[in-house]
Amino acid sequence: MNWFWDAFQQTEIIENRKRGSEAHIDAKVALRSINELEEKVDRLSLLCHALFEELERTTGFSEAQLKEKMTQIDLRDGRSDGKFDPVLGSDCPDCGRKVKKTRSNCFWCGASLRALG
């Protein structure tokens with residue numbers, strides 16, 4: 001009986017080591033993805049700062065005006081969430097369902113959406 005228990009425990013140990021190794025690999029891949037995203041955010045932040053400074057210098061566009069424009073763009077999808085969603089559109093005038101801005105007609109009922117764009 002002890003032999004069966006030892007064999008079972010050894011199998012469990014091997015399986016758990018394998019799972020641990022797989023989890024370690026998954027964590028490395030996730031960390032690499034996080035690092036890549038952080039680099040992209042840093043580059044985009046630098047780009048935004050440079051663009052705004054140049055806009056402010058050449059046109060006098062103020063930071064307050066920029067914040068107001070950001071609020072307007074944020075609210076285009078009907079939510080004040082600090083996010084820009086270029087795909088999310090508005091409600092179809094005929095059936096009321098959400099439709100993407102990229103469509104010229106409603107996916108659900110076929111109504112023309114040209115006036116919404």
Side-chain angles (χ1 to χ4, degrees):
M1 182 78 165
N2 244 353
W3 183 86
F4 288 116
W5 179 252
D6 290 342
F8 172 75
Q9 288 296 325
Q10 193 60 35
T11 303
E12 287 295 306
I13 290 169
I14 291 168
E15 283 298 314
N16 286 327
R17 283 184 181 154
K18 181 180 172 187
R19 286 186 199 118
S21 179
E22 290 169 355
H24 184 71
I25 291 169
D26 290 345
K28 281 186 174 182
V29 169
L31 185 59
R32 190 174 309 122
S33 294
I34 289 169
N35 289 335
E36 289 171 5
L37 287 172
E38 286 177 341
E39 287 177 15
K40 287 180 182 181
V41 167
D42 289 343
R43 282 192 306 274
L44 287 172
S45 179
L46 176 62
L47 174 66
C48 286
H49 282 283
L51 287 172
F52 178 69
E53 285 184 13
E54 191 60 20
L55 179 69
E56 187 177 39
R57 183 186 67 77
T58 58
T59 67
F61 196 79
S62 71
E63 188 172 342
Q65 290 172 300
L66 178 65
K67 287 179 180 178
E68 176 60 31
K69 180 51 81 176
M70 289 172 62
T71 299
Q72 290 172 8
I73 293 171
D74 181 25
L75 291 171
R76 286 181 186 168
D77 63 3
R79 295 182 305 240
S80 178
D81 56 6
K83 297 177 185 177
F84 173 64
D85 188 352
V87 178
L88 185 62
S90 30
D91 296 336
C92 171
D94 285 2
C95 70
R97 289 187 164 153
K98 287 281 183 202
V99 288
K100 293 182 179 181
K101 288 182 181 179
T102 55
R103 297 194 56 87
S104 59
N105 64 319
C106 178
F107 175 80
W108 306 102
C109 71
S112 176
L113 303 173
R114 296 194 199 290
L116 294 178

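Scope of the values below: all heavy atoms of this structure, side chains included, with no hydrogens, waters or symmetry mates. All residue numbers refer to positions in the sequence shown, counting from 1. Since the structure is predicted, the reported quantities are computational estimates derived from the model, not experimental observations.
Pairing each heavy atom of V99 with each of C106, the nearest pair is CG1-SG, 3.7 Å. Annotation for C109 and D94: closest pair SG-CB, 3.9 Å, computed over non-hydrogen atoms. Closest non-hydrogen pair, P93 versus S112, comes out as CG-O, 4.4 Å. A pairwise comparison of heavy atoms in W108 and C95 identifies CB-SG, 4.1 Å as the closest pair. Across N105 and R103, no two heavy atoms sit closer than the pair O-NE, 3.1 Å.
Among pairs with a residue in residues 25-49, none fulfils side chain to side chain donor-acceptor pair (under 3.5 Å), at least two apart in sequence or across chains. For the salt bridge (charged side-chain N to carboxylate O under 4.0 Å, His left out) condition, the pairs that include at least one residue of residues 44-64, sequence neighbours left out, are E54-R57, E63-K67.
D81 places no side-chain N or O within 3.5 Å of a backbone atom of D74 that could act as its donor or acceptor partner.
Scored by the ring-ring contact (aromatic ring centres under 6.0 Å, His included) test, F8 finds W5 as partners (sequence neighbours excluded).
Heavy-atom neighbours of F107 CZ from other residues, nucleotides or ligands within 6.0 Å: at or below the threshold of 12.
Taking hydrophobic clusters as Ile, Leu, Val, Met, Phe, Trp and Tyr residues chained together by side-chain heavy-atom distances below 4.5 Å, I73 does not share a cluster with L75.
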Applying side chain to side chain contact (heavy atoms under 4.5 Å, CB included), run through D6 and Q9 and close with a yes or a no. CA-CA 5 Å; D6 290 342; Q9 288 296 325; 5.6 Å; no
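Q65 CD to L55 CG: the interatomic distance, rounded to the nearest 0.5 Å, is 9.0 Å.
In this structure, the side chains of R17 and I14 stay at 4.5 Å or more apart for every pair of heavy atoms.
Using a 4.0 Å cut-off between a side-chain N of Lys or Arg and a carboxylate O of Asp or Glu, K98 and D91 qualify as a salt bridge.
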